[in-house]
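Please read the structure below before turning to the comments.
Along the sequence shown, residues carry numbers from 1.
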Amino acid sequence: MEKPQKGDWLFNHQERIQSLTDYQSSSPLTPNRQLNKIYLKPIGEFSALEWEQIKLTREYLEKFFQLNTILQSSVNSNVVPLQARRISQQHEQLLATYLRDTIVAM
């Protein structure tokens with residue numbers, strides 16, 4: 001792999017490179033009889049335009065992955081505790097594993 005150049009994600013973010021073999025060894029989720037849907041759970045408040053974008057994203061995901069994609073009801077962002085949040089490059093990020101294991105199940 002070439003050395004990251006200015007403007008590349010890896011130029012500014014120190015991350016371990018993941019090879020295809022690494023990915024395949026990680027037992028990634030794949031659709032099966034039990035895992036056959038994608039759930040979208042909006043977190044926070046959204047304008048009408050943002051809701052349209054969310055709906056278009058749902059349609060895109062459903063077509064791209066060829067899986068039923070369900071738009072769940074939104075929840076207020078205050079359901080995510082401080083220990084599951086961080087600020088990175090002036091943007092708030094929410095811990096994906098926390099969201100997956102708690103919020104999506106709501």
Side-chain angles (χ1 to χ4, degrees):
M1 185 170 182
E2 294 179 18
K3 184 177 178 181
Q5 303 296 310
K6 190 171 185 171
D8 291 341
W9 174 265
L10 291 176
F11 186 82
N12 293 316
H13 300 86
Q14 298 299 316
E15 295 184 358
R16 185 179 74 79
I17 303 299
Q18 182 183 39
S19 69
L20 178 58
T21 302
D22 291 339
Y23 172 75
Q24 291 169 330
S25 298
S26 74
S27 301
L29 288 177
T30 54
N32 59 39
R33 286 187 181 152
Q34 286 79 33
L35 301 173
N36 59 10
K37 294 179 181 78
I38 297 172
Y39 293 92
L40 298 179
K41 183 77 166 183
I43 299 172
E45 296 180 12
F46 301 93
S47 69
L49 179 59
E50 290 168 327
W51 272 112
E52 277 305 308
Q53 292 171 331
I54 291 169
K55 291 174 187 175
L56 289 170
T57 299
R58 187 208 64 77
E59 290 176 22
Y60 171 79
L61 291 171
E62 188 164 82
K63 290 175 182 172
F64 184 85
F65 290 105
Q66 298 179 6
L67 291 171
N68 187 17
T69 303
I70 299 165
L71 179 57
Q72 297 183 318
S73 60
S74 64
V75 293
N76 193 301
S77 64
N78 66 7
V79 299
V80 181
L82 290 177
Q83 65 267 25
R85 299 168 179 254
R86 74 174 183 177
I87 302 294
S88 179
Q89 299 199 5
Q90 301 174 350
H91 290 86
E92 184 174 43
Q93 295 179 339
L94 306 178
L95 183 61
T97 52
Y98 178 83
L99 299 177
R100 179 197 66 208
D101 296 342
T102 59
I103 303 302
V104 173
M106 295 177 113

If you count heavy atoms of other groups shown closer than 6.0 angstrom to CG of Leu29, is the number above 12? no
Below 4.5 Å, heavy atoms only, C-beta onward: do Lys37 and Pro31 meet side chain to side chain? no
Partners passing side-chain hydrogen bond (donor to acceptor under 3.5 Å, both in side chains) against Arg33 (at least two apart in sequence or in another chain): none
What's the separation between atom CD1 in Ile38 and atom OG1 in Thr57, rounded to the nearest 0.5 Å? 11.5 Å
Rounded to the nearest 0.5 Å, how far apart are CG of Asn68 and OH of Tyr39? 8.0 Å
Between Ile17 and Leu10, is any pair of side-chain heavy atoms under 4.5 Å apart? yes
From Asp8 atom CG to Lys6 atom NZ, the distance as rounded to the nearest 0.5 Å: 12.0 Å
Please name the pair of heavy atoms, one in Ile43 and one in Ser77, separated by the smallest distance, quoted to 0.1 Å. CG2-CA, 3.7 Å
His91: what forms a side-chain hydrogen bond (donor to acceptor under 3.5 Å, both in side chains) with it, not counting sequence neighbours? none
Counting neighbours of CD on Glu45 that are heavy atoms of other residues, nucleotides or ligands and sit closer than 6.0 Å, is the number greater than 12? no
Can you give me the closest heavy-atom contact between Gln72 and Pro42, atom names plus distance? O-CD, 3.4 Å
Hydrophobic cluster identity match, Val79 and Leu94, side-chain contacts under 4.5 Å: yes
Please tabulate, for side-chain N and O atoms in residues 60-67, each donor-acceptor pair with protein atoms closer than 3.5 Å (sequence neighbours left out).
residue: Glu62; atom: OE1; partner: Arg58; partner atom: NH1; Å: 3.3
residue: Glu62; atom: OE2; partner: Arg58; partner atom: NH1; Å: 3.2
residue: Glu62; atom: OE2; partner: Thr69; partner atom: N; Å: 2.9

Can you list everything that forms a side-chain hydrogen bond (donor to acceptor under 3.5 Å, both in side chains) with Asn32? Sequence neighbours excluded, please. none
Residues pairing under salt bridge (charged side-chain N to carboxylate O under 4.0 Å, His left out) where one sits in residues 75-89, two or more places apart or in two chains, turn out to be Arg85-Glu92
Could you work out, with side-chain contact (heavy atoms from CB on, under 4.5 Å) as the rule, every residue matching Ser47, not counting sequence neighbours? Leu49, Glu50
Taking the side chain as C-beta and beyond, is there a heavy-atom pair between Arg100 and Thr97 under 4.5 Å? yes
For Glu59, enumerate each residue passing the side-chain hydrogen bond (donor to acceptor under 3.5 Å, both in side chains) test, keeping only those at least two apart in sequence or located in another chain. none
Show every salt bridge (charged side-chain N to carboxylate O under 4.0 Å, His left out) that has at least one partner inside residues 10-24, sequence neighbours left out. Arg16-Asp22
Apart from Phe11 itself, which Ile, Leu, Val, Met, Phe, Trp or Tyr residues share its cluster (side-chain heavy atoms under 4.5 Å, direct or through members)? none
Check: Leu99 and Lys41 side chains under 4.5 Å, non-hydrogen atoms: no
With sequence neighbours excluded, tell me which residues meet ring pair (Phe, Tyr, Trp, His ring centres under 6.0 Å) with Tyr23. none
Between Tyr98 and Val80, what is the shortest heavy-atom contact and its length? CE2-CA, 4.2 Å
